[in-house]
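Before any comments, here is the structure.
Lettering of chains follows the sequences in order, A, B, ..., and the numbering in each one begins at 1.
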Amino acid sequence: MAKNLLIVESPAKAKTIEKILGEDFEVKSCFGHIRDLEKDDMGIDIKNNFMPRYIVPEDKQKVVKELKQLAKKSGEVWLATDEDREGEAISWHLCEVLGLDPVTTKRIVFHEITKPAIQSAVKNPRLLDLNLVNAQQARRILDRIVGFELSPILWRKMSMRSNLSAGRVQSVAVRIIVEREREINTFTSVSSFKVTAYFTGKDVNQKSISFKAEGAKFSNVSDAEKFLESCKSAIYKVADIQVKPAKKTPAAPFTTSTLQQEASRKLGYGVSKTMLLAQKLYEAGHITYMRTDSVSLGETAMNDITAQISTAYGKNFVQTRKFKNKNESAQEAHEAIRPTYMNQSKVDIADGQKLYELIWKRTMASQMADAELEKTIAKISISTNGETLTAQGEVLKFEGFLKVYREGKDEDEEEEENNESMLPPITVGQSLTLKEMIAMEGFTRPPARYTEASLVKKLEELGIGRPSTYAPTISTILKRTYVEKRDKEGTERKYRVLSMSNDIIKNKQESETTGTEKSKLFPSDLGLVVTDFLVQHFENVMDYGFTAKIEGNFDEIAHGKMKWNSMVGEFYTPFKTEVDNTMETAERIKGEREIGIDPASSKKVIARMGRYGPMVQIGDVSDEIKPRFAKLKQDQSIETITFDAAMELFKLPRNLGTFEDQDVLVSIGKFGPYISHNKQFYSLSKDFDPYVINLEEAIPIVEEKRTAKNERTVKVFEKEKIQILKGPYGLYLKKGLKNYPIPKEQQDTAADLTIEEVKQMIEYAIANPPKKTSRKKKS
DNA sequence: CAGTGAGCGAGCTTCCGCTTGACTT
């Protein structure tokens with residue numbers, strides 16, 4: 001009898017499952033979706049009830065062909081795609097393409113790849129859930145409509161010529177970054193003075209002790225000073241001690257999102273790097289599937305984990321837990337991310353060890369005992385003013401899960417200096433000696449800029465995007481340059497410190513660096529203006545709750561309570577009206593902002609988007625005097641640039657004077673600052689500031705780089721902007737940014753080439769690009 | 001690339017969500 005064919009999504013899964021099922025089944029993978037909407041068009045017949053037009057994309061044709069052939073000669077075909085909306089749809093598409101009857105074809109699901117789970121799944125096949133398939137179609141079609149209607153509006157309304165895009169997920173992701181940036185910009189930091197006292201004394205055994213205690217916060221320096229003043233000659237006594245037990249609970253096992261966050265905090269990985277390494281670990285069989293939103297662990301896995309904990313740390317370290325997902329949008333088709341074998345603590349994947357270790361520890365910790373603590377809070381009285389100070393200490397009574405793992409924290413979650421040190425043994429009534437009392441100025445902090453991973457966290461909270469798309473979404477908004485990932489240097493800030501020892505109060509000023517950022521997401525001006533535009537015209541789609549709202553509708557479709565095309569239609573009609581309206585009536589996107597009047601010409605100075613990005617402009621094209629333009633520096637923004645900073649930009653290009661009877665100019669080009677002299681350009685190193693460099697400094701740079709250049713230049717056709725240059729492999733032609741080869745036989749006589757011959761050579765090179773030699777070995 | 005920078009516009013671009021290989025020296 002012919003074998004049955006079982007189709008899953010992932011090839012790595014296929015291998016494992018084939019082993020489990022044995023002789024009767026041949027297990028193949030379809031590599032995810034095998035059909036999609038037409039690519040070049042909307043792909044939807046809107047007038048015909050939004051009937052989708054599906055095609056098999058080029059890169060899936062090979063797989064589909066193979067599956068078709070196998071299906072023909074196999075016994076029964078079983079569909080075992082993931083148990084979620086997308087998986088159900090993939091199975092339906094498989095039916096369509098392989099000519100299977102969706103009403104009789106066997107459909108099975110499982111959440112873990114273990115022998116019992118799979119065998120029981122095979123014993124209990126069900127049929128395709130067409131309601132769920134329709135929910136997926138609604139999701140797909142709605143996303144296509146939003147993306148393919150909004151993007152063209154941007155092409156029309158944005159003068160920049162680039163591949164702009166908008167979509168349900170990406171545009172909201174950018175909005176999150178934009179709004180955070182504005183929160184930071186409008187944030188005003190408030191300072192206060194916090195009192196800390198450093199005490200010494202003796203414990204019951206007459207051993208010397210020392211610790212610190214904290215007092216009130218004062219909103220200004222004079223109140224803080226008054227307080228210190230009032231503590232002069234005071235007697236300090238321990239007024240009260242309270243001891244409270246406390247416990248800490250381990251975090252749930254990893255999902256895609258939490259893995260990305262933790263790898264970012266602890267290992268400094270970007271989300272793409274994390275996923276790439278996780279993929280390698282998965283393919284090598286070291287971990288379970290890495291694109292998941294589930295926190296649950298299979299039964300077999302639980303046994304493996306608890307056995308491992310018992311052996312390594314003892315039975316009292318075991319505490320099993322069934323974690324539940326907080327997130328309603330989770331579809332839980334897989335397990336949490338965990339090692340496949342807990343007894344394996346090392347892997348042989350290059351760069352993968354650290355990530356594996358993180359997964360291993362997190363998994364172990366999740367089934368380990370709570371950590372038990374003892375928190376001590378001591379109140380210290382001040383005799384002179386009746387105020388009290390508080391000293392806190394924490395003692396770990398039982399390590400529990402902390403033995404292997406402690407979750408990292410995001411910047412904005414960092415609690416105020418959580419004192420996790422121990423308090424020395426003190427007794428109520430005991431008097432203490434004040435060594436020093438300090439009132440230090442501190443400042444409230446603006447919200448933190450997002451990292452890739454903290455953005456993923458936010459998106460997940462809003463139910464926007466899926467585990468398989470978090471990393472690609474971030475790549476998209478970076479590629480579109482709506483958002484930039486970069487560092488920011490901190491700024492110096494002064495703060496005051498009042499200190500009192502031996503009843504003498506001193507007032508010092510110190511300085512610190514604040515606001516240093518590493519690998520953070522900043523919105524570009526493009527991101528700012530496009531977001532404003534979209535929010536203004538498409539508030540509905542840009543709303544943070546939009547996805548959650550339509551997910552509710554998809555659920556109703558999945559439960560057969562709503563028809564998918566009427567749901568899409570309800571969205572489409574008002575949306576399309578707004579699209580048409582916006583196309584016709586909306587102004588071009590400029591993000592224009594007036595920032596002042598140029599005193600020299602008394603013309604308006606504006607900051608706005610230009611063809612080549614953000615710029616400042618004096619005057620207008622309609623003026624008699626020509627307008628002047630300057631592009632913004634990398635860290636400047638239309639929204640925040642000051643008048644003075646803008647005027648500084650107009651100092652370029654700048655004529656430094658003459659050298660060898662030719663002007664020396666300094667300016668900033670696409671690739672940074674440069675000097676131009678005698679029609680040649682010399683890029684300026686970081687050591688020189690184009691706004692301050694003078695002629696004396698510029699001349700040596702020109703001379704030095706010119707000699708270097710002369711050694712390379714054989715001939716220059718100035719009018720045509722073509723050069724013949726000497727390279728490591730011989731002579732070649734350079735036109736603009738592109739290089740073209742000079743044929744071997746003409747290498748020696750290249751210096752005598754005429755412009756006509758050179759042009760012909762370039763034409764020939766363009767017409768005959770180097771061929772990709774695909775040599776297939778003949779067996 | 002480059003002493004500019006607008007706008008004009010031919011013809012191009014684009015979505016989200018599933019999955020992995022891969023044109024070449």
Side-chain angles (χ1 to χ4, degrees), chain A residues 8-14 29-37 39-43 59-60 62-63 81-82 84-90 93 136 139-156 159 161-171 279 282-283 289 291 331 333 464-470 472-473 476 480 547 588 590 608-617 619-622 626-631 652-655 663-677 679-683 721 736-737 770-775:
Chain A
V8 297
E9 292 180 40
S10 151
K13 266 189 209 168
S29 74
C30 65
F31 297 82
H33 276 293
I34 51 152
R35 293 205 306 180
D36 193 11
L37 296 172
K39 207 170 172 284
D40 304 322
D41 200 348
M42 186 63 89
D59 58 329
K60 289 291 163 67
K62 201 177 145 197
V63 188
T81 52
D82 296 346
D84 55 21
R85 200 162 62 204
E86 298 297 326
E88 204 69 11
I90 292 173
H93 282 295
Q136 192 276 345
R139 198 279 305 155
R140 179 67 191 93
I141 289 165
L142 193 130
D143 279 339
R144 168 59 67 91
I145 291 172
V146 170
F148 276 36
E149 290 283 358
L150 290 188
S151 300
I153 296 181
L154 297 183
W155 304 339
R156 171 81 77 84
S159 32
R161 196 178 56 120
S162 67
N163 51 349
L164 295 180
S165 65
R168 173 177 59 84
V169 173
Q170 57 167 288
S171 297
Q279 176 89 29
Y282 167 67
E283 281 170 12
Y289 198 58
R291 291 185 278 263
Q331 305 196 9
I464 299 172
R466 303 279 311 132
S468 68
T469 59
Y470 295 138
T473 298
T476 302
R480 302 268 180 273
T547 294
R588 294 183 89 84
K590 281 185 174 174
R608 65 179 179 88
M609 282 306 275
R611 192 130 157 59
Y612 298 104
M615 56 181 257
V616 279
Q617 177 176 349
D620 195 81
V621 275
S622 57
K626 270 192 179 177
R628 298 195 61 204
F629 306 95
K631 84 171 131 199
L652 293 181
R654 199 155 62 92
N655 196 335
D663 282 350
V664 179
L665 288 126
V666 60
S667 187
I668 299 180
K670 232 181 197 170
F671 300 139
Y674 65 92
I675 299 172
S676 64
H677 175 254
K679 290 174 186 162
Q680 293 291 320
F681 301 93
Y682 309 95
S683 58
K721 294 190 174 175
L737 269 185
K771 272 181 192 150
K772 290 170 183 173
T773 51
S774 62
R775 264 180 238 156

D82(A) versus A333(A), closest heavy-atom pair with distance: CB-CB, 3.9 Å
Expressed as a whole number of angstroms, how long is the span from R480(A):CZ to dT14(B):P? 5 Å
Length of the CZ-P vector between R291(A) and dT20(B), whole Å: 5 Å
Describe the nucleic acid contact of G87(A) in one word from base, sugar-phosphate, nothing, applying a heavy-atom distance below 4.0 Å. nothing
Within the 4.0 Å heavy-atom criterion, would you say A166(A) contacts the bases, only the backbone, or no part of the nucleic acid? sugar-phosphate
May I ask you to say what S676(A) touches in the nucleic acid, namely base, sugar-phosphate or nothing, with a heavy-atom cut-off under 4.0 Å? nothing
Classify P152(A) by what it touches in the nucleic acid, base, sugar-phosphate, or nothing, heavy-atom distance under 4.0 Å. base
Upstream residue (5' side of DNA chain B) when G147(A) and D59(A) are each assigned their closest nucleotide: G147(A)
Taking atom P in both dT25(B) and dG21(B), compute the distance separating them and give it to the nearest angstrom. 22 Å
Closest heavy-atom contact between L150(A) and A166(A)? CB-CB, 3.7 Å
May I ask you to check if K13(A) and Y289(A) form a cation-pi contact, with NZ or CZ under 6.0 angstrom from the six-membered ring centre and within 45° of the axis? yes
Expressed in angstrom and rounded to an integer, what is the separation of K39(A) atom NZ from dC18(B) atom P? 19 Å
For K590(A), which contact category applies under a 4.0 Å heavy-atom criterion: base, sugar-phosphate, or nothing? sugar-phosphate
Please give the distance between the P atoms of dC1(B) and dG5(B) as a whole number of Å. 16 Å
Grab the CD1-P distance between I34(A) and dT20(B) for me, whole Å please. 16 Å
If I pick the P atom on dA6(B) and the same atom on dA2(B), what distance separates them, to the nearest angstrom? 13 Å
Interatomic distance, E9(A) CD vs dT19(B) P [rounded to whole Å]: 5 Å
On DNA chain B, more 5' by nearest nucleotide between Q279(A) and R139(A) is R139(A)
Heavy-atom closest contact (A89(A) atom, H33(A) atom, distance): CB-CE1, 4.3 Å
Under 5.5 Å between ring centres and under 30° between planes: does that hold for W155(A) against the base of dT13(B)? yes
Give me the one residue out of E86(A), R291(A), Q331(A) that meets side-chain contact (heavy atoms from CB on, under 4.5 Å) with R466(A). Q331(A)
If you look at every strand shown and take non-hydrogen atoms under 4.0 Å, does E149(A) touch a base, only sugar-phosphate, or nothing? nothing
Using a 4.0 Å heavy-atom cut-off, does V146(A) contact any base of the nucleic acid, only the sugar-phosphate backbone, or nothing at all? nothing
Under 4.0 angstrom, heavy atoms only, what part of the nucleic acid is G167(A) near: base, sugar-phosphate, or nothing? sugar-phosphate
Once you apply a heavy-atom cut-off of 4.0 Å, does T476(A) come out as touching a base, just sugar-phosphate, or nothing? sugar-phosphate
Would you measure the distance from the C1' atom in dT13(B) across to the matching atom in dG9(B) and give it in whole Å? 15 Å
Ring-on-base stacking between F31(A) and dC18(B), under 5.5 Å between centres and under 30° between planes: is it there? no
By the 4.0 Å heavy-atom rule, please label Y470(A) as base, sugar-phosphate, or nothing. nothing
L164(A) and W155(A): which non-hydrogen atoms are nearest, and at how many Å? O-NE1, 2.9 Å
